[in-house]
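Start at 1 with the first residue, then count along the sequence.
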Amino acid sequence: MEPFQLRKHTYNVNNDYNKVIGITSRHGGISDYPKDSLNMALYIDDAPYNVHHNQAVVAHEIGFKTSEWVFPIQKHGNNIQEVYGADKGTNVFELTQKWFDIDGLFTNDKGILLTMCYADCVPVYLYSVSDNFIALGHAGWRGTVGLILERLIKAYTGDVNNLRCIIGPSVSAPCYEVNYDIKRQFIELNLDLEDCFEENTNDMYDINLQEINKRIAMRAGIKPEYISVTSRCTSTENNEFFSYRLEKGNTGRMLAYIGTRD
């Protein structure tokens, strides 16, 4: 069953553990990417007023105040950061130098919404069914080959069997090609990933980042039955999501999020 279901402007994952898990769509805002879109990124050419309005739309829909959100400065790497209650509001209303070059967040505290922006890269979510641990990773090809999901899993100090992993909407294999050098970096991870690449007519390789992240999670100890993978693609469903590649960079960004309610 597809885990991400549309509410109104956001796609959310149902769960029994008081978790708020989801990603925004491209509809319902006031940005011009295109007209009336729900851009959630302050770092692109959009008026801050628009983004703040869009944040308020999402906050109302998911029931998590913007003052409780946190956001890092992403750089497509594999650095991760622990988050505490005192960090609430970081980089939400204006960007700072705090958490520069961070693409993974985790916390053991309730009442914090971990957020990051996406437009084709893979959002990876973790949560524990026995305590308050949650994590969010931004896994493009660089973050994935850098094993950012494995790093987030290892940040959990409890029993790995308590973790659940969700792999969210991103560009799918038929819509994302890489060259041989990038493929080689993945093969050197020794995860038996040959079937995650398919050579195409451009002498390039279609890459299945969602499946690769699933295998990374499994190698890190999460059982297959505890991993959910979306069927949603940001490129083929461009009417619902932003796609950096398809729209050649002239587009907004979705916001992925995970939090535990107080």
Side-chain angles (χ1 to χ4, degrees), residues 1-17 19-28 37-38 40 58 61-62 114-127 129 134-141 143-145 148-149 152-153 163-178 186 191-198 200 204-220 222-247 251-258:
M1 179 180 174
E2 168 55 47
F4 288 84
Q5 298 296 325
L6 181 64
R7 182 175 300 174
K8 186 175 181 181
H9 306 304
T10 63
Y11 285 83
N12 296 275
V13 178
N14 291 327
N15 65 90
D16 298 324
Y17 300 98
K19 302 291 189 272
V20 178
I21 303 170
I23 191 168
T24 58
S25 74
R26 68 183 296 151
H27 300 299
S37 71
L38 194 67
M40 299 298 293
V58 174
E61 183 161 313
I62 67 174
L114 309 180
T115 76
M116 275 185 271
C117 281
Y118 301 76
D120 282 337
C121 291
V122 183
V124 290
Y125 310 77
L126 295 169
Y127 68 91
V129 300
I134 56 172
L136 177 65
H138 174 250
W141 79 259
T144 301
V145 81
I148 191 166
L149 178 53
L152 289 168
I153 292 169
L163 288 181
R164 303 294 182 265
C165 178
I166 301 170
I167 297 171
S170 63
V171 65
S172 60
C175 305
Y176 185 20
E177 62 180 19
V178 297
F186 280 94
L191 278 165
D192 192 20
L193 299 177
E194 281 288 352
D195 63 326
C196 295
F197 296 85
E198 184 172 343
N200 60 35
M204 301 280 278
Y205 297 87
D206 296 339
I207 180 174
N208 189 339
L209 282 180
Q210 293 175 339
E211 176 63 25
I212 293 173
N213 276 285
K214 178 180 179 180
R215 296 188 190 181
I216 289 170
M218 290 167 58
R219 185 174 75 173
I222 300 183
K223 295 177 180 178
E225 59 265 33
Y226 295 156
I227 304 171
S228 300
V229 183
T230 187
S231 62
R232 300 196 182 279
C233 170
T234 50
S235 184
T236 60
E237 294 184 77
N238 187 228
N239 60 318
E240 288 296 319
F241 301 106
F242 299 117
S243 174
Y244 186 89
R245 289 166 183 79
L246 185 65
E247 299 175 86
T251 191
R253 304 292 189 274
M254 290 94 67
L255 191 81
Y257 50 82
I258 182 169

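Judged by distance alone, the side chains of E247 and N238 do bring a donor and an acceptor atom under 3.5 Å apart. Judged purely by distance below 3.5 Å, without hydrogens or angles, the side chains of T230 and Q210 never pair a donor atom with an acceptor atom.
Nearest approach of S172 to C233, heavy atoms of both residues: OG-SG, 3.0 Å. Residue S243 comes nearest to D120 through the heavy atom pair OG-OD1, 3.0 Å, listed as atom of the first residue, atom of the second, then distance. The minimum heavy-atom distance linking M40 with T24 is given by the pair CG-OG1, 3.8 Å. The minimum heavy-atom distance linking C165 with L126 is given by the pair CB-CD2, 3.8 Å. Closest non-hydrogen pair, A135 versus L152, comes out as CB-CD2, 4.1 Å. Across all their heavy atoms, A217 and I227 have their closest contact at CB-CD1, 3.8 Å.
If you take CD1 on I23 and CG on L255, they are separated by 8.0 Å, rounding to the nearest 0.5 Å. Here I207 contributes atom CD1 and E177 contributes atom CD; the two are 11.5 Å apart, rounded to the nearest 0.5 Å. Atom-to-atom distance recorded for L149:CG and L136:CG is 11.0 Å, nearest 0.5 angstrom. Distance check, rounded to the nearest 0.5 Å: CE of M254 to OH of Y118 gives 9.5 Å. Taken to the nearest 0.5 Å, the SG atom of C196 stands 14.5 Å off from the OH atom of Y205. R26 CZ to T251 OG1: the interatomic distance, rounded to the nearest 0.5 Å, is 4.5 Å.
Within a 6.0 Å radius of CD in E198, no more than 12 heavy atoms belonging to other residues, nucleotides or ligands are found. Counted within 6.0 Å of CG on N14, heavy atoms from surrounding residues, nucleotides or ligands total 12 or fewer; the atom is thus considered open. Other residues, nucleotides and ligands contribute more than 12 heavy atoms inside 6.0 Å of the CZ atom of F197.
The side-chain contact (heavy atoms from CB on, under 4.5 Å) search around E225 returns K223, not counting sequence neighbours.
With I212 as reference, T144 is the one residue of V145, I167, T144 to meet the side-chain contact (heavy atoms from CB on, under 4.5 Å) rule.
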| said: For a side-chain contact (heavy atoms from CB on, under 4.5 Å) check, start with the C-alpha distance between L246 and F241, then their side-chain angles and the critical distance, and finish with the verdict. | reply: CA-CA 11 Å; L246 185 65; F241 301 106; over 6 Å; no
| task | Would you please test S170 and Y176 for side-chain contact (heavy atoms from CB on, under 4.5 Å) and show each step? | result | CA-CA 10 Å; S170 63; Y176 185 20; over 6 Å; no
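Judged by distance alone, with hydrogens and angles left aside, the side-chain atoms of H138 form no donor-acceptor pair with the main-chain N or O of I148 at under 3.5 Å.
By the 6.0 Å and 45° rule, R164 does not stack over the aromatic ring of Y127.
Aromatic rings from Y125 and F4 are positioned such that their centres are separated by under 6.0 Å.
Listed by first and then second residue, the salt bridge (Lys or Arg N to Asp or Glu O under 4.0 Å) pairs that reach into residues 2-15 are E2-R232, sequence neighbours excluded.
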